[in-house]
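Just below is one structure, and these are the notes that go with it.
Order of listing sets the numbers, starting from 1, for every ligand and every atom in it. We number each residue from 1, following the sequence as shown.
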Amino acid sequence: MKHIIAIDGPAAAGKSTVARQLAADLGYTYIDTGAMYRAVALACMQQHIPFTDESGCGEIAIHSDIQLEAVDGGCIVLLNGADVTAEIRTPLVAQGASKVSVIPKVREALVAKQRQLAEHCNVVMEGRDIGTVVFPEADCKIFLSASLEKRAQRRYADMLAKGNAISLDEIRAEMAERDERDSSRTHSPLKQAADAHYLDSTDLTMEAVLAFIEKQMIGE
Ligand code: DC
């Protein structure tokens with residue numbers, strides 16, 4: 001039986017950092033499902049398919065080749081063979097990902113890929129609907145959140161470090177808009193699974209979050 005750890009929560013709650021570290025510690029495969037929605041959004045942009053074109057976006061999700069390749073301390077995202085790791089991290093692509101992720105056909109295509117990815121290996125998978133829809137039977141479910149202000153500050157620090165010129169106000173507004181759309185959509189909205197362990201990471205270090213998750217895993 002494969003082991004699945006599901007980590008869900010809103011943007012910049014600290015999911016990626018802890019999921020990546022946890023996967024490295026356990027020798028599991030790390031899967032960033034947000035990167036897959038971002039890759040679909042980028043493919044739509046490249047092919048001039050508006051995010052309102054449900055059928056067009058769905059076709060893109062079905063036919064795009066999206067690969068997540070583990071590298072030391074991270075994950076490379078390949079879209080139809082091209083490395084788009086940096087390109088998918090812009091606020092524009094983040095908004096696009098939130099918009100295409102509302103479309104049922106896009107979700108169906110990506111959920112199928114996510115389930116396939118976990119067929120042959122133990123995984124730590126992060127996203128919005130992993131514990132509720134993708135793997136409702138996951139061995140351990142974590143719902144990680146943090147205040148909007150703290151999440152915006154974290155993303156702002158990341159962006160500054162990468163040399164992106166964007167203000168804290170713009171990031172906070174972009175994130176609030178995305179949270180609202182991701183939580184209120186009809187299909188697979190962002191929500192805590194009934195059996196998920198909730199943690200607010202606002203005032204916690206990554207080490208403390210990891211320790212919490214490891215404690216829950218022992219208890220499962
Ligand atoms: O985790 P992220 O910020 O990279 O995700 C980008 C968007 O993708 C997010 O705003 C909503 C969507 N998403 C989703 O709907 N379901 C997932 N499992 C992961 C991401």
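Backbone and side-chain nitrogen or oxygen atoms of Asp182 are examined, and one is located within less than 3.5 angstrom of a nitrogen or oxygen of ligand 1. Backbone and side-chain nitrogen or oxygen atoms of Lys15 are examined, and none is located within less than 3.5 angstrom of a nitrogen or oxygen of ligand 1.
Listed by atom number, the atoms of ligand 1 under 4.0 Å from Arg178 heavy atoms are 3 (O), 5 (O), 6 (C), 7 (C), 9 (C), 10 (O). Of all atoms in ligand 1, numbered sequentially from 1 with element shown, those under 4.0 Å from a heavy atom of Asp129 are 16 (N), 17 (C), 18 (N). Short contacts between ligand 1 and Ser101, defined as distances under 4.0 Å to a heavy atom of the residue, involve ligand atoms 11 (C), 12 (C), 15 (O). Close approach to Ala97 involves these atoms of ligand 1, each under 4.0 Å from a residue heavy atom: 6 (C), 7 (C), 8 (O). Distances below 4.0 Å separate heavy atoms of Arg107 from the following atoms of ligand 1: 14 (C), 15 (O), 16 (N).
The side chain to side chain donor-acceptor pair (under 3.5 Å) test with Ser101 is passed by exactly one of Arg128, Arg185, His187, Arg38: Arg185.
Ser167 and Asp169 are not linked by any side-chain donor-acceptor pair at a separation below 3.5 angstrom, with hydrogens and angles left out of the test. Looking at Arg154 and Ser201, their side chains do bring a donor and an acceptor atom within 3.5 Å of each other. Between the side chains of Gln95 and Ser98, no donor N or O sits under 3.5 Å from an acceptor N or O.
Heavy atoms of Arg128 found under 4.0 angstrom from ligand 1 belong to the backbone as well as the side chain. By the criterion of a heavy-atom distance under 4.0 Å, neither the backbone nor the side chain of Arg181 is placed next to ligand 1. Using a 4.0 Å cut-off between heavy atoms, Arg185 contacts ligand 1 through its side chain alone, with no backbone atom that close.
Of the protein's heavy atoms, Thr33 OG1, 3.4 Å lies nearest to atom 19 (C) of ligand 1. Scanning the protein for heavy atoms near atom 8 (O) of ligand 1, the closest one is Tyr37 CB, 3.5 Å. Residue, atom and distance of the protein heavy atom nearest to atom 4 (O) of ligand 1 are Arg38 NE, 2.6 Å.
Nearest heavy atoms, Ala11 versus Asp179: N-OD1, 4.0 Å.
Inter-residue side-chain proximity for Arg89 and Asp158 is flagged as unmet; no heavy-atom pair is nearer than 4.5 Å. Put simply, the side chain of Val40 does not reach to within 4.5 Å of the side chain of Ser64, judged on heavy atoms. Between Leu199 and Leu204, the closest side-chain pair of non-hydrogen atoms falls below 4.5 Å.
Using cut-offs of 30° and 60° for the angle between ring planes, the Phe143 and Tyr198 rings count as parallel.
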